[in-house]
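Since the structure comes first, as C-alpha cells, the remarks are kept for the end.
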Amino acid sequence: AQRSDGSFGLHEQMRIAGSNLGSTTNGNSQESFAAFVEALAAARRVYILGFGNSAYLAGLAAANLVPYCADAVAVSMEGGNENAAYRLASITAEDTLLAISLPRYSLDTLQLARYALERGAKVLAITDSPASPLAPIADHSLFATAEHPVLISSNIAVLALIESLVAAVMTRNKEAVRLAAELTES
C-alpha cells in the first residue's frame, strides 16, 4: 500500500479509497439501507452523533439532511460530550439517533447511543464492522470499510454512505426534490 521508500501519495490513497468503497458496497444489503432511509424519513427529529473525526461527518450529515427531514441536528459539535448529552436529553420514541463511530471507538458515542435506545428512539449506526461495539446497540447498522495503512481509519466510505442516505431520503420526499431544484436554480 505504501511505496517502497515508505512514502504515501495520491495513487496509493485512491487505490485504498476504491477498495474501501467496493467493500462497503458489497458489505451492506439493500434491506439495511432501506431500513435506514425509512427511519430517517419517518423520524420527528434526527439526532446525529459522532466524536473525534466522526464529529465532522456527523455535522456534514446533519447539514445535508436538514432540508429533507422534519428536523436534523448534529449533537456533537460545540461543547463536547457534555453538551451532546444535553442536546440528546429530549430524545423520544418518535426520534432517530444516527451514531457514527470508527476505530478508535468513542465511549461517549456508545453511552449516548445506549441512552437514546433506553428512551425508545430508533438507533442507527454507521461503523466499520459487525464487531464494532456500536453495532449491537443499534437497531440497524451500515458498515463502512475504514482500512488505511497510514491513518487510524479512512472516512471515505462513511462519506459515501452519508451522500447515499441523503439522496435516498431526498428522493422519497417529492416536496424536497422540488425545493432542491428551486435552490439550485437560484
Side-chain angles (χ1 to χ4, degrees), residues 1 13 15-40 43 46-65 72-77 80-85 87-88 91 93 95-169:
Q13 177 59 41
R15 275 195 295 279
I16 291 182
S19 175
N20 284 348
L21 290 170
S23 296
T24 298
T25 301
N26 295 330
N28 291 291
S29 70
Q30 285 294 337
E31 294 78 20
S32 294
F33 185 80
F36 251 73
V37 173
E38 178 60 33
L40 293 170
V46 177
Y47 293 91
I48 305 155
L49 172 67
F51 289 106
N53 283 341
S54 297
Y56 301 105
L57 295 164
L60 181 71
N64 283 278
L65 284 169
V73 61
V75 296
S76 50
M77 301 310 276
N81 59 354
E82 190 174 311
N83 279 351
R87 289 183 190 105
L88 271 181
I91 197 167
D95 301 322
T96 294
L97 172 69
L98 170 55
I100 304 170
S101 190
L102 297 174
R104 307 169 179 167
Y105 308 104
S106 163
L107 292 177
D108 292 324
T109 300
L110 301 175
Q111 287 179 315
L112 292 172
R114 282 189 200 97
Y115 172 78
L117 195 62
E118 289 166 6
R119 298 286 307 258
K122 176 98 44 191
V123 176
L124 306 176
I126 295 179
T127 190
D128 65 314
S129 81
S132 162
L134 185 57
I137 299 169
D139 294 296
H140 302 286
S141 296
L142 289 175
F143 302 110
T145 304
E147 294 176 9
H148 201 283
V150 178
L151 304 174
I152 292 170
S153 58
S154 171
N155 296 315
I156 193 73
V158 175
L159 179 59
L161 284 174
I162 290 168
E163 286 185 1
S164 300
L165 290 166
V166 170
V169 169

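Predicted model, so just to flag it, every value in this text is computed and none were measured. Note: hydrogens, waters and symmetry copies are ignored here, and every other heavy atom, side chains too, is used. This chain uses plain numbering: 1 for the first residue, then up along the sequence.
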statement: Here the gap from Leu161 atom CG to Ile156 atom CD1, rounded to the nearest 0.5 Å, amounts to 11.0 Å
task: Give, for atom CD of Glu38 and atom CD of Glu31, the distance between the pair rounded to the nearest 0.5 Å.
output: 14.5 Å
Which residues satisfy the side chain to side chain contact (heavy atoms under 4.5 Å, CB included) test with [X], sequence neighbours excluded?
| X | result |
| --- | --- |
| Ala168 | Phe33, Val37 |
| Ala113 | Leu97, Val123, Leu134, Ile137 |
| Asn64 | Leu60, Val166 |
| Pro136 | none |

Contact list for residues 53-63, test side-chain hydrogen bond (donor to acceptor under 3.5 Å, both in side chains), sequence neighbours left out: none
field: side-chain hydrogen bond (donor to acceptor under 3.5 Å, both in side chains) contacts in which one or both residues fall within residues 98-107, not counting sequence neighbours
entry: Tyr105-Asp128, Ser106-Thr109
Not counting sequence neighbours, which residues clear side chain to side chain donor-acceptor pair (under 3.5 Å) with [X]? List them please.
| X | value |
| --- | --- |
| Glu163 | none |
| Ser32 | Ser29 |
| Ser164 | none |
| Asn155 | none |

Side chain to side chain contact (heavy atoms under 4.5 Å, CB included) assessment of Ile100 paired with Leu49: CA-CA 6 Å; Ile100 304 170; Leu49 172 67; over 6 Å; no
- prompt: Only one of Leu102, Leu57, Leu98, Ile48 clears side-chain contact (heavy atoms from CB on, under 4.5 Å) with Ile126; which?
  reply: Leu98
message: Per the ring-ring contact (aromatic ring centres under 6.0 Å, His included) rule, what does the pair list look like for residues 111-135, sequence neighbours excluded?
response: none
message: Once ring-ring contact (aromatic ring centres under 6.0 Å, His included) is applied, what residue pairs with a partner in residues 133-152 remain, sequence neighbours excluded?
response: Phe8-His148
Where [X] and [Y] come nearest, the two heavy atoms and their spacing:
| X | Y | answer |
| --- | --- | --- |
| Ala74 | Ala62 | N-CB, 3.5 Å |
| Asp139 | Ala121 | OD2-O, 3.9 Å |
| Ile16 | Pro149 | CD1-CD, 3.0 Å |
| Ser76 | Ala58 | OG-CB, 4.2 Å |
| Asn20 | Ala157 | O-CB, 4.2 Å |
| Ser141 | Asn28 | O-OD1, 4.4 Å |

- prompt: Does any N or O in the side chain of Ser19 come within less than 3.5 Å of the main-chain N or O of Arg15, such that one atom is a donor and the other an acceptor?
  reply: no
- request: With the side chain counted from C-beta on, respond yes when Phe36 and Thr96 share a heavy-atom pair under 4.5 Å apart, and no when they do not.
  value: no
